[in-house]
Each structure stands twice: as structure tokens, then as C-alpha cells.
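For reference, the structure discussed in these notes is given below.
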Amino acid sequence: MVTIQKENMTPFDVAAELGQEYKKNALAARVNGQVVALGHPLKAGDTVEILTFDDMDGRRVYRHTASHIMAQAVLALRPDAKLAIGPAIENGFYYDFDTAEPFSTADLSAIEKEMARVVKRNEKLERFELSREEAIRFMRDRNEPYKVELIEDLPEDAVISFYRQGDFVDLCAGPHLPSTGKVKAFKLMQVAGAYWRGSEQNKMLQRIYGTAFPAREQLDAYLQRLEEAKRRDHRKLGRELDLFSLLDEGPGFPFFHPKGMVLRNIIEDYWRKAHRQWAYQEVKTPIMLTQTLWEESGHWDHYRENIYTTSIDEMNFCVKPMNCPGGILIFKQKMHSYRDLPLRVGELGLVHRHELSGALHGLMRVRAFTQDDAHLYMTREQMMGEIIGVIRLTTEMYKTFGFDYFVELSTRPENSMGSDEDWEIATETLRQALITLDMDYKVNEGDGAFYGPKIDFHLRDSLDRSWQCGTLQLDFQMPERFDLAYIGADGEKHRPVMIHRTVLGSIERFIGILIEQFAGALPLWLSPVQAKILTITERGDAYARTLKAKLEEADLRVEMDLRNEKIGFKIREAQMEKVPYMLVIGDRETEEGTVAVRSRKDGDLGVMAANDLLQKLQEEAASKA
């Protein structure tokens, strides 16, 4: 970060002064905390940080410019197309268009070629501003009704910014790259439907997704990761491994098969064991509660569009989207003493949330899911210790499943409840807990819950993708709204503090993440079938049944394949089913009481005595390797 000492400089000048590498890689800048273009005029005293593709904001600027290049290319090929919006997103960009004819795969190739011509021309991106009235007239003259609608929603006194590159002009707040030639490598990925402004009441537009990188090698590596992600897609593997179904009869409501339930129960059993060790009690609250409860909690005002409702006996009910109000009602059933605190109460609670059909995605985005919720009640003096305890439990559980993670501290949103003082105390307490544990964190401004700031835990998987799973929310507001109290050492009533937290988040989503993390080849302790006994001839059937009974008595999950098929076929099929161990029985193994062991990962392990095999499998399963 550089502090400007003189006038008449731009961020590009600063990058040039910092050296050739900065000058070459600079995409935009952060000036006094605001992202701006490299040509932005600077004043003495401004703080400047040069942004490259390694910075999230730098990538956004780069890919936002790529979206404008794509829109320019589309208009060159289809002058009748109407422009909607075209932002940068996490791994690329998209643009929504209204066209008479749908885009095809061949169209994407033609658009890419036209984009290459725009890049080759190296056209400058020039910003200009108009008044609201002038901007509406300007867009009407260009026959861009969607842009007109966007402008009409802005305040009367707003100054509207546009960006021009060659003969292409777009309504845009920016910032952008200096010129189109800075975009070196790009790829258009797919076409999808998207309702204008996300509303099913509006027209369906066509959305073209793309991505862009500064070098071809980076793009190729990204495309290879996408291919690997397709191979690991939990929806595909869920079908192939007979774990779950996603059916038209229940959109957003997954069906778990027997093997899927085995996996789910293993995860939930581990969750219960870990929480018992950390002194949590478990409860279960109703799936449906009166609307007045959700009005009291504040969810009705802040979350109404996501809540399913019904009426019974002329009373309005809500199918719970959260577990916390029900948990609070349990807390209120008796008066607690300060000696009871901290009180840690967990729930594997089924919740329902109304998601738009277009947002549904396998197990990752569903309408019904089980949250591994917990609500902790404590005194203010106990806050720091309980926050640290939650973080340590979360770390322990993620490590068991083989995940690293990073955290974000999310601060007060606009539509929040409570006093400034409460929010400041809660936010600083979370910050100090992270500092105490020497944890790196990023501040996510304005993304806290409406009742309190939070720490979000983001898992990293084997493809270096991140998934927000766990969360820890520090809440002074719900105890106030529900008039919660405990009797202090002074014999008086006092207000407890609450922590809302999940570790796995949604059990369904976590299962999807696990499947993709391991490409379906789950470690032994999580595998629905841990070993499969394969006979070469029917002469081994009786011994196979005896071995299966012995392994199952030791709590191992075992199947048999006694079919009259060649052993090579049986082995290949078991490999496709991702079974960790294949146990081959022929005449010799039957006579000697042994088994030929084949590992999914390591291949042929040779012949083992049945007792040695049993010990090996038990030790590996117990270790949760």
C-alpha cells in the first residue's frame, strides 16, 4: 500500500513507479478502500493498493471487462439482441440477453471469434456520465428497454455512468480495465435460462456464462479442473453409487437410499459422539410452529419470502426455516441458574426453505435439509471461552473429515436489530477470539445475521474450491426479544447471551461435498460398504457366509457377490462401486481359512488369515484415516 505525496498521479503511475512487474500485471487499484480504474485521478494523502489477478477485486474487474467484450461481440453478430446485465461472478462472468433465436454451441464459437477481434483492436474503455433523464433518453434511442428500466429505478438526482469501447456502450458503474487488449485468454462455457431480475413473473432471458484469465495456461488449468469436477459431480456419483435420488415428484427434496442412509447415519453418529465429548445436550423441536413465534423472533420480517406457511384450525403456522426459536422455547420452560451456564444444546433439525427452482442444485441447494444446529446460553463473562470452544470443536471435526478451512468475520448488515453498542461488543468479541487463536481471517462487511455478527467457516476441497459450511453467530437480540433470563449469584434475573452455530451446516450439502472431495471413493470409516466378498466358484459360498458373519459381528459393513460370474468381472464391478476392499475366496482360501485381499487404492495385498484381515479393517476404520 502506498500513500500519495503529490498531485496529478494515477494508480497506473504508482504501478510504474513500483517496478516493471507491477506495471505489467496491474488491473485496477484500491484507493482509500474503494476499487477504481488505473486511470483514476489521485490526490495527495490517498492510500493506493495496486490490484492484480491474484486479488479477488482485480479478478472481478478483469472478468467484468470480459463480459462487456462478450456483449459487444453478441451485438456485432445479432444487432437485434437486447442487453440486460453482465456482472463478474466467482469464477468468471455472464451476460443476459433477450434475443429472438436461442444461442447454440456453434453461436458460442462464433461469439468467441468476434471477442478475439475486439481484443485484437485493443479498444479503450472510456467512462462518461449522464443525468438520469439524459441516460433514459440515451438508452431509449439505442432501443435498450432493460437498461431503461434499471435507470428508472435509480433516484431522480442520480448521475448515471456508462462505459464506451469502440461503437459499444453499456450502462455500468465500473471500474474496468484500460482497454480490451488486456483480456488475454477467455472461454464461453454454456447458455442457460434466467428470468429478468430473478423473478418468475418476468421474461426468460438467455444467459451466456464465460471465464477469463491473463494467460492461456491458467485457462487450460481451470478447464481441466472443471473436467475433474464433472467426474466428481455428486449428482452423477449419487446415482452410480445408489446413495440418493433427485426426483421430479419432489424438486429440492432429496430421497436417500439405503446406502445413502448408512453414510448419513455414520456422519450423524460421529456428530453426536463429538458433541457428547464437548458437553452438549441434544434436543428435538417441532417442524411446524405458529406464525406469531416467527414474528416474535424477527424471522417473519427478515425472512418471510423463504418460509413455507399453512393454516390449521384457523391458525397460521410456519414450517421452520431455522431451529433457534424452537430451541429458545425449550430454554424458557424452566428458570436457569448461573450454575447451569454455559448451557450447550444441539439439534439435528430438519428445516425447510423456499428456494427458486432455478437455484436448486443436487444436494448443495435444496428446499429441505438437516442443520447440525446448536444454541449455547451463557453469561457475558463466558462469551470468549465458549466462542473459542466452538472454534476448536469445529477444527476437530473438519480435521476428522480431512478438510482445511479459512474463516470470515461478517459484520452488521443494513436490516439488523439491536443497538450500536451491542453490535460493537459482539463484533469485537468475535474478533478477539480469532486473534487469541492466532487465526487469519477476512472481514466480510455487512454480511452478518440480522441479529448478530458471525464467523463463517469455509472448507477447501481437493479441487481448491471453497464451501461455506459452519457458522458461529453471537446474539444479544433473541434473548431480549424472548425475554430470556437466568438467576445470577446475586439472586437477581440477568439476560443470557446466545451463540447460534453449525459445524457441518446442512447434512445433505456436507454429504455432497464429501462425495466430490473423494470422487465417491470414501474412506473406509465412511464407506456404506466397507468390504465385498467375491467367490470364484460356488464351493466358496458357505465359507463366504461364515466370513461375512464374522466381519459383521465386528461392526464392519460387508456384502457378498456369489453370482456365477467370472472373478475379473466381479472385481471390476466392485471397483466401480468404490468398495474399499475386495475379498476373493477360491478353493485354497476356503480350505485354509484365508482370503485374498484386494484394495481399491493399492491393488493386490496378497493372502491374509481371516483374523488378520479383521484386525486390519477394524484398526483402519477406528482411525478414521
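- At least one donor-acceptor pair under 3.5 Å links the side chain of Q517 to the backbone N or O of S462.
- Within a 6.0 Å radius of CD in E282, other residues, nucleotides and ligands contribute more than 12 heavy atoms.
- For the pairing with F457, the ring pair (Phe, Tyr, Trp, His ring centres under 6.0 Å) check across W467, Y441, Y405 returns one residue only, Y405.
- Ion pair R392/E396 not flagged as a salt bridge, since none of the NZ, NE, NH1 or NH2 atoms sits closer than 4.0 Å to an Asp/Glu carboxylate oxygen.
- For the residue pair R501/T394, the side-chain donor-acceptor check at 3.5 Å is not satisfied.
- A salt bridge links D456 with K454: the closest approach of a Lys/Arg side-chain nitrogen to an acidic carboxylate oxygen falls below 4.0 angstrom.
- The distance from atom CG of N444 to atom CD of Q468, rounded to the nearest 0.5 Å, is 10.0 Å.
- Two rings, from F510 and F401, have their centers less than 6.0 Å apart.
- Contact check on E227 versus K230 returns a salt bridge, with a Lys/Arg side-chain nitrogen under 4.0 Å from an Asp/Glu carboxylate oxygen.
- The side-chain heavy atoms of I267 and Y270, taken from C-beta on, include no pair separated by under 4.5 Å.
- Formation of a donor-acceptor pair under 3.5 Å by the D372 side chain with backbone atoms of L348 is not found in this model.
- The pair E240-K236 meets the salt-bridge criterion, since a charged nitrogen lies less than 4.0 angstrom from a carboxylate oxygen.
- Around the CD atom of E552, the shell of radius 6.0 Å holds more than 12 heavy atoms that belong to other residues, nucleotides or ligands.
- With contacts defined as side-chain heavy-atom distances shorter than 4.5 Å, the pair K532/L583 does not qualify.
- Enclosure of atom CD in E305 by more than 12 non-hydrogen atoms of other residues, nucleotides or ligands within 6.0 angstrom is indicated.
- Although no hydrogens or angles enter the test, the distance criterion places a donor-acceptor pair under 3.5 Å between the side chain of R557 and the main chain of W525.
- A cation-pi arrangement is not found for R460 relative to F403, the charged atom failing to lie both closer than 6.0 Å to the ring centre and inside a 45° cone about the ring normal.
- Heavy-atom neighbours of D440 CG from other residues, nucleotides or ligands within 6.0 Å: at or below the threshold of 12.
- With Y451 contributing its side chain and G298 its backbone, the two residues share no donor-acceptor pair below 3.5 Å.
- Heavy atoms of other residues, nucleotides or ligands lying less than 6.0 angstrom from CG of D612 number more than 12.
- Taking a cutoff of 4.0 Å between a charged side-chain nitrogen and a carboxylate oxygen, R481 and E296 do not qualify as a salt bridge.
- Residue-environment remark: NZ (K399) stays at or below the threshold of 12 foreign heavy atoms within 6.0 Å.
- Here H299 and F450 bring their ring centres to under 6.0 angstrom of each other.
- A salt bridge between K570 and E573 is absent, with no side-chain N of the basic residue lying under 4.0 Å from a carboxylate O of the acidic one.
- Residues V597 and V607 have side chains not in contact (no heavy-atom distance under 4.5 Å, counting atoms from C-beta outward).
- Looking only at distances, a side-chain donor or acceptor of T411 sits under 3.5 Å from a matching main-chain atom of G446.
- You'll find the ring centres of F244 and H257 outside the 6.0 Å limit.
- Considering L350, L293, T285 in turn, T285 is the only one that fulfils the side chain to side chain contact (heavy atoms under 4.5 Å, CB included) rule with K320.
- Judged purely by atom type and a 3.5 angstrom limit, R304 uses its side chain to pair as donor or acceptor with the backbone of W300.
- Of the charged side-chain nitrogens involved, none lies within less than 4.0 Å of a carboxylate oxygen, so that E559 and K548 do not count as a salt-bridged pair.
- Between the CG atom in L237 and the CD atom in E516 there is a gap of 8.0 Å [rounded to 0.5 Å].
- Below 30°, between 30° and 60°, or above 60°: for H352 and F253 the angle between ring planes is between 30° and 60°, a tilted geometry.
- Note that R207 lies in the cation-pi zone of Y94, set by a 6.0 Å cut-off to the ring centre and a 45° limit from the axis.
- Between L534 and I571 the shortest side-chain heavy-atom distance falls below 4.5 Å.
- Looking at heavy atoms from C-beta onward, M478 lies out of side-chain contact with Q473 at the 4.5 angstrom threshold.
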Apply side chain to side chain donor-acceptor pair (under 3.5 Å) to residues R563 and T535 and explain how you reach the verdict. CA-CA 8 Å; R563 294 175 300 166; T535 55; over 6 Å; no
